[in-house]
Amino acid sequence: MSEMKPDSENTEERLSEEISTEETLKNTEEAVEDTAENREEDTKENTEEDLTEKDQTGDTEEKKPEEEELPPADSEDEDFFYDDNKAYEERKAARMERRNRQKRRRRNFRIAAGVVVAAAAAIGIGVGFYGDELQVLVQEQQAKISQMIEDRKAAQAEKEKEAQQASAEAEAENGKDTESADNTKNTDSAENTENKENTSGSDISSDGEVLSAEDKAVYKKAKRYAQQYDYDTAIAVLKKSPTYKTSKKFQKAVKVYQKKKDSCVVWAPEQVTHVFYHTLIKDTSKAFDGDYKSGDYDQVMTTIDEFNQITQSMYDKGYVMVSIYDMATADENGNMNMGEILLPPGKVPFVLSQDDVCYYHYMDGDGFASKLVADEEGKVRNEYVEDDGSISTGDYDMVPLIDRFVEEHPDFSYRGAKGIVALTGYNGILGYRTDSSYETRPDDLDADKVKWLDEHPDFDLNTERENAARVAQAMKDEGWLFASHTWGHQNVSQVSLERLQADTQKFKENVDPLIGGTDIIIFAFGADLTGAEDYSGEKFEYLKSQGYNYYCNVDSSQYFVQIRSNYFRQGRRNLDGYRMYYNPELLTDLFDAQSVFDSSRPVPVPAMG
């Protein structure tokens with residue numbers, strides 16, 4: 001509506017009249033529409049009700065002359081079918097009410113029609129007396145409507161442009177050619193499309209660019225780095241290729257990866273949590289069979305089903321595995337420097353570890369895997385001894401389960417990082433009997449080792465060590481780290497310095513050569529060298545002199561990190577039966593303990609101590 005001009009009273013009056021006329025027309029049109037709709041609804045309603053009445057009353061009138069006695073109802077709910085008199089009176093009253101309603105609506109319609117005629121006359125008079133003003137008014141309204149249409153078209157065009165840009169960026173980032181609209185929206189569909197490409201020859205991208213098999217391999221390699229947040233390496237891989245200078249696809253990918261890197265957030269190490277497990281339970285019926293070990297398993301172990309649900313929950317919440325070396329770095333002299341973790345908004349870093357990955361003798365027959373192996377493709381798997389003595393190979397513990405999960409979800413790993421595997425040495429490592437005591441058989445050799453040696457007369461220490469070293473290397477190639485858990489699973493807060501020194505030497509002689517050494521120590525029993533205060537004392541000085549720079553204890557706090565000039569220290573959160581049962585509220589940032597808790601667990605979980 002055009003603005004009223006305060007310097008012309010006559011114009012103001014005429015515009016007021018025009019406004020009133022328009023409002024009258026608007027109200028009249030609404031009344032006519034309502035009346036028409038009501039008439040249509042009534043006609044439909046009356047037709048349906050009359051047909052229903054006719055059927056019902058027809059049946060009743062046919063039965064009246066005979067005055068037959070009605071059969072009894074099968075139930076009280078059916079009595080109304082036989083209450084003909086009551087039904088007739090109700091239908092009659094409804095019919096009368098319907099007729100009265102129709103009369104009222106017809107009267108309203110006649111009134112509305114009269115108003116329309118009067119309004120038309122008023123318009124005619126208005127055009128005669130105020131034609132110029134009305135013409136101006138109409139022109140102004142038409143101009144406003146035209147402008148609104150243009151604005152909407154421009155907004156829609158802008159949205160389409162943004163959608164196309166986002167689609168192009170997604171294509172470059174994921175390395176997938178978009179052959180349909182679904183491919184740009186669904187990562188899995190795009191991945192399937194890419195997998196269908198002919199990798200033995202050339203391929204044509206969505207923009208018509210021809211990519212050779214070698215170019216596609218380079219592109220996929222860069223994409224993998226980018227999926228795991230290593231944007232610098234992804235960019236370097238593409239720029240190093242001779243194809244980069246002429247490939248729009250390579251150039252576009254570089255721009256997208258740079259944009260992704262620029263959007264990343266720096267995480268403070270003090271805000272990185274650390275979670276850990278023990279060996280996972282494959283068969284709960286054997287682990288929780290009621291013997292003297294069942295209570296311990298119930299406390300500190302986690303089932304495969306629980307582990308898989310926790311992993312999925314953490315992934316859904318945006319958690320990403322990072323290396324402890326990403327948090328802080330140590331130079332050749334053991335001096336510590338702050339690390340850097342760059343992740344896109346919405347992603348949350350965490351460190352993962354697992355204790356006692358040795359598959360001890362006492363666990364035989366209790367529903368746990370027996371060892372880790374590398375298959376023909378070099379992938380790490382587990383062996384499991386079935387009831388009949390046969391060997392099954394599969395993913396029965398944390399290492400292969402995480403490997404398979406990252407294969408499907410590469411963005412769960414930061415720059416290829418996996419977890420830390422903490423090893424003792426007295427029963428060997430990774431399920432292989434690699435300790436020298438199996439060969440020397442000292443007088444104090446424990447009964448479990450004696451029994452195992454009797455059952456394996458063909459035992460050869462060098463063969464066991466070679467097999468263990470091969471699996472350890474396969475794990476390292478996949479991003480896994482190793483840590484000392486002390487050779488004899490010692491409580492460092494209680495043992496003497498002399499015993500700690502002897503134990504450390506056994507680890508360095510029997511374990512370090514198989515894993516390539518380590519500067520990480522994860523203390524057994526959740527113990528530590530000191531309280532919350534900084535490390536000091538002869539035990540710390542000794543361990544530091546032996547090359548240990550990273551120290552981990554057990555702490556239920558969400559975060560506990562100390563980075564000092566000569567060491568890195570971090571607390572770890574146990575994700576096991578005890579914590580899920582007694583302190584589920586401490587785990588809500590990771591998963592819902594109630595929904596994850598395995599129903600096969602005996603409850604109550606035994607208390608500690």
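Please read these numbers as outputs of a predicted model, since none were measured by experiment.
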Using a 4.5 Å cut-off on heavy atoms from C-beta on, say whether the side chain of L343 contacts that of V265. no
Under the 3.5 angstrom rule, does the side chain of T424 hit a backbone N or O of D356 as a donor-acceptor pair? no
Please say whether the positively charged group of K508, taken as NZ for Lys or CZ for Arg, lies over the ring of Y548, i.e. under 6.0 angstrom from the six-membered ring centre and within 45 degrees of the axis. yes
Looking at Y438, I'd like to know if the NZ or CZ of K449 sits under 6.0 Å from its six-membered ring centre while staying within 45 degrees of the ring's axis. yes
Got a sec: does the NZ of K506 have more than 12 other heavy atoms crowding it under 6.0 Å? no
Within 45° cone of Y396 ring axis and under 6.0 Å: K282 NZ or CZ: yes
Distance in Å, D289 CG paired with D366 CG, rounded so as to fall on 0.5 Å steps: 6.0 Å
Please step through side chain to side chain contact (heavy atoms under 4.5 Å, CB included) for the pair V272 and D326, ending with a clear verdict. CA-CA 11 Å; V272 178; D326 293 321; over 6 Å; no
E340 side chain to V266 main-chain N or O, any donor-acceptor pair under 3.5 Å? no
I'd like to know if the side chain of S353 reaches the main chain of H274, judged simply by a donor and an acceptor atom lying under 3.5 Å from each other, with no hydrogens or angles considered. no
I want to check something: taking the side chain as every heavy atom from C-beta on, are D448 and Y360 in contact at a cut-off of under 4.5 Å? no
Any cation-pi pair here, K347 with Y229, using under 6.0 Å and within 45°? no
Measuring only between side-chain heavy atoms, which start at C-beta, is H361 closer than 4.5 Å to K451? no
For K544, is the NZ atom crowded, meaning more than 12 foreign heavy atoms sit under 6.0 Å from it? yes
Partner of T273 under side chain to side chain donor-acceptor pair (under 3.5 Å), picked from Q558, R573, R572, is R573
Quick one: pull up CG in L342 and CH2 in W267 and give me the separation to the nearest 0.5 Å. 12.0 Å
Please determine whether side chain to side chain contact (heavy atoms under 4.5 Å, CB included) holds for the pair Y581 and D298, giving the CA-CA distance in whole Å, both sets of side-chain angles, and the decisive distance to 0.1 Å. CA-CA 10 Å; Y581 186 78; D298 200 7; over 6 Å; no
Could you give the distance from CG (L430) to CD (E464), rounded to the nearest 0.5 Å? 11.0 Å
Verify, without hydrogens or angle tests, whether T233 (side chain) and D230 (backbone) share a donor-acceptor contact under 3.5 angstrom. no
From CD1 (I310) to CD (Q312), nearest 0.5 Å: 12.0 Å
Parallel, tilted or perpendicular: ring planes of F350 versus Y319, cut at 30 and 60 degrees: perpendicular
Looking at side-chain heavy atoms only, is the closest gap between L372 and P400 below 4.5 Å? yes
Taking the side chain as every heavy atom from C-beta outward, state whether I281 and T302 have any pair of such atoms under 4.5 Å apart. no
Using a 4.5 Å cut-off on heavy atoms from C-beta on, say whether the side chain of L401 contacts that of I304. yes
Locate the shortest heavy-atom distance separating A234 from A226; write the atom from each residue and the value. CB-N, 3.9 Å
Charged N to carboxylate O under 4.0 angstrom, D387 versus K286? yes
Between D528 and R569, does a side chain to side chain contact (heavy atoms under 4.5 Å, CB included) hold up when you go through it step by step? CA-CA 10 Å; D528 207 344; R569 181 186 187 190; 2.8 Å; yes
Does the ring center of Y551 lie less than 6.0 Å from the ring center of F540? yes
Whether the side chain of K418 engages the backbone of E478 through a donor-acceptor N/O pair (distance < 3.5 Å, no angle test) should be reported. yes
H409 side chain to F405 backbone, donor-acceptor under 3.5 Å: no
Evaluate the side-chain proximity of V385 to D364: yes if any heavy-atom separation is below 4.5 Å, no if none is. no
Decide yes or no for P269 and I563: does some side-chain heavy atom of the first lie under 4.5 Å from some side-chain heavy atom of the second? yes
Taking the inter-plane angle between the rings of H278 and F276 on a 0 to 90° scale, is it parallel (under 30°), tilted (30 to 60°) or perpendicular (over 60°)? perpendicular
Ignoring hydrogens, what is the shortest heavy-atom contact between R433 and F459? Give both atom names and the distance. O-CE1, 3.4 Å
Candidate pair H485 and F507, rule side chain to side chain contact (heavy atoms under 4.5 Å, CB included), full reasoning: CA-CA 9 Å; H485 203 43; F507 188 91; 6.0 Å; no
Measure up the Y535 and Y567 rings against each other and bin them: parallel (under 30°), tilted (30 to 60°), perpendicular (over 60°). tilted
S484 OG to I515 CD1 distance, which is reported to the nearest 0.5 Å: 8.0 Å
Donor-acceptor contact below 3.5 Å, side chain D215 vs main chain V218: no
For the pair D411 (side chain) and Q228 (backbone), establish whether a donor and an acceptor sit closer than 3.5 Å, ignoring hydrogens and angles. no
Heavy atoms of A330 and N549 approach each other most closely as CB-ND2, 3.7 Å
What one should report as the nearest heavy-atom pair of F591 and K317 is N-CE, 4.1 Å
Ring centroid separation Y244 to F250 under 6.0 Å: no
I'd like to know if the side chain of E383 reaches the main chain of T393, judged simply by a donor and an acceptor atom lying under 3.5 Å from each other, with no hydrogens or angles considered. no
Tell me whether the centres of the aromatic rings in Y550 and Y325 are closer together than 6.0 Å. yes
For the residue pair D555 and G571, what are the closest heavy atoms and their distance? CB-CA, 3.9 Å
Can a donor-acceptor pair be found between the side chains of R470 and N467 at a distance below 3.5 Å? yes
With distance as the sole test, does Q562 use its side chain to make a donor-acceptor pair with the main-chain N or O of A532 at under 3.5 Å? yes
Do other residues, nucleotides or ligands put more than 12 heavy atoms under 6.0 Å from R499 CZ? no
Do we see a donor-acceptor contact under 3.5 Å between the side chains of Y359 and D397? yes
Does CG in D443 sit with more than 12 non-hydrogen atoms of other residues, nucleotides or ligands closer than 6.0 Å? no
Can we say D395 and R381 salt-bridge, meaning some charged N sits less than 4.0 Å from an Asp/Glu carboxylate O? yes
Rounded to the nearest 0.5 Å, how far does OG1 of T518 lie from CG of D512? 7.0 Å
Shortest non-hydrogen pair, V322 vs Y414, comes out as CG1-CB, 3.7 Å
K293 atom NZ, neighbour heavy-atom count above 12 within 6.0 Å: yes
